[in-house]
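Whatever order the structure lists ligands and atoms in, that order sets their numbers, starting from 1.
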Amino acid sequence: MFLNWIWDILFYFGFYKRAKLMIVGLDNAGKSTMLSLLKHGKLVQHSPTARPVSEEMTLGGITFTAYDLGGHEMARRLWKDYMPAMNAVVFIVDTSDKIRISEAKTQLKGILESELPIDVPVVILGNKTDKPGCYGRVELLESLEIQEDVQKYGENNQQGRQCQLFMTSMLYRQGYGDAFRWLAAQL
Ligand SMILES: Nc1nc2c(ncn2[C@@H]2O[C@H](COP(=O)(O)OP(=O)(O)O)[C@@H](O)[C@H]2O)c(=O)[nH]1
Ligand SMILES: [Mg+2]
């Protein structure tokens, strides 16, 4: 149930420590949708004209800041400035958009190999798994070229950056609860 896990996580993040989470991904990946799910527990459709490049919200002690990557140099410069202050990064990718997957890969590599401190965990959400013909987990690991990052820095390895991939559907409210639980456990 939505409320169970969200309060678990808010409790963990918010009462024991205050946390800053950065939510990034190409535009159209599902970031705003996820924020509205977290905030209202339901999907809110944004009109194309009312789609901000960056958004911020606070729940409990957690600040969620979402940035669109790719095509927006301003946003990119903005989140780079914020990066050193982040406690965790959530990277969302649209698994049904095979045309832009290499663009997403470039952005993700930029984060994993960037000035983001090595102790900041990165969780990757392969979103829109409900769409026909989308990439599955194995295909996504391959096309994003993150097999190594996810294995090498998997849960049992304390060296390097903690990095994990979860498959999600915001439409069906699937997968992101597990992802946030994993993230909370890394902090
Ligand atoms: N089918 C499907 N559509 C989704 C899912 N998540 C988001 N969307 C849709 O994808 C579009 C872009 O989502 P949005 O949250 O605005 O992306 P953002 O640019 O990353 O903030 C919207 O029309 C959403 O309704 C999902 O899991 N499945
Ligand atoms: Mg958005």
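- Here's the thing with Lys31: one of its N/O atoms is less than 3.5 angstrom from an N/O atom of ligand 1.
- Counting atoms of ligand 1 from 1 in the listed order, those under 4.0 Å from a heavy atom of Asp27 are 19 (O).
- Heavy-atom proximity to Ser169, at under 4.0 Å, picks out these atoms of ligand 1: 27 (O).
- Between Asn127 and ligand 1, an N or O atom pair is found at a separation short of 3.5 Å.
- When the heavy-atom distances from atom 19 (O) of ligand 1 to Leu125, Asp97, Asn28 are ranked, the shortest goes to Asn28.
- At under 3.5 Å, a nitrogen or oxygen of Met170, whether backbone or side chain, sits near a nitrogen or oxygen of ligand 1.
- Neither the backbone nor the side chain of Thr168 has a heavy atom within less than 4.0 Å of ligand 1.
- By the 6.0 Å and 45° rule, Lys98 stacks over the aromatic ring of Tyr135.
- With hydrophobic clusters built from ILVMFWY side chains whose heavy atoms lie under 4.5 angstrom apart, Val138 does not share a cluster with Leu108.
- With ligand atoms numbered from 1 in the order given, ligand 1 contributes 17 (O), 18 (P), 20 (O) to contacts under 4.0 Å with heavy atoms of Ala29.
- At distances below 3.5 Å, at least one donor-acceptor pair connects side-chain atoms of Arg161 with backbone N or O atoms of Leu116.
- Only the side chain of Lys131 comes within 4.0 Å of ligand 1, judged by heavy-atom distances.
- Two different hydrophobic clusters hold Ile99 and Leu69 under the rule that ILVMFWY side chains link at heavy-atom gaps under 4.5 Å.
- Counting atoms of ligand 1 from 1 in the listed order, those under 4.0 Å from a heavy atom of Asp68 are 19 (O).
- In this structure, Leu140 and Met167 have side chains that are in contact, with non-hydrogen atoms separated by less than 4.5 Å.
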Practice task
Carefully, step by step, assess Glu56 and Thr65 under the rule side-chain hydrogen bond (donor to acceptor under 3.5 Å, both in side chains).
Solution key: CA-CA 4 Å; Glu56 190 166 285; Thr65 310; 3.1 Å; yes
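- Counting backbone and side-chain atoms alike, Ser32 contributes an N/O/S atom closer than 2.8 Å to the Mg ion (ligand 2).
- Residue contacts with ligand 1: Asp130 is placed with a nitrogen or oxygen under 3.5 Å of a nitrogen or oxygen of the ligand (distance criterion only).
- Salt-bridge check for Lys109 with Asp149: passed, with a basic side-chain N closer than 4.0 Å to an acidic carboxylate O.
- Here Glu55 contributes atom CD and Leu35 contributes atom CG; the two are 5.5 Å apart, rounded to the nearest 0.5 Å.
- Under the 4.0 Å criterion applied to side-chain N and carboxylate O atoms, Arg100 and Asp94 are not assigned as salt-bridge partners.
- Neither the backbone nor the side chain of Thr129 has any atom closer than 4.0 Å to an atom of ligand 1 (non-hydrogen atoms only).
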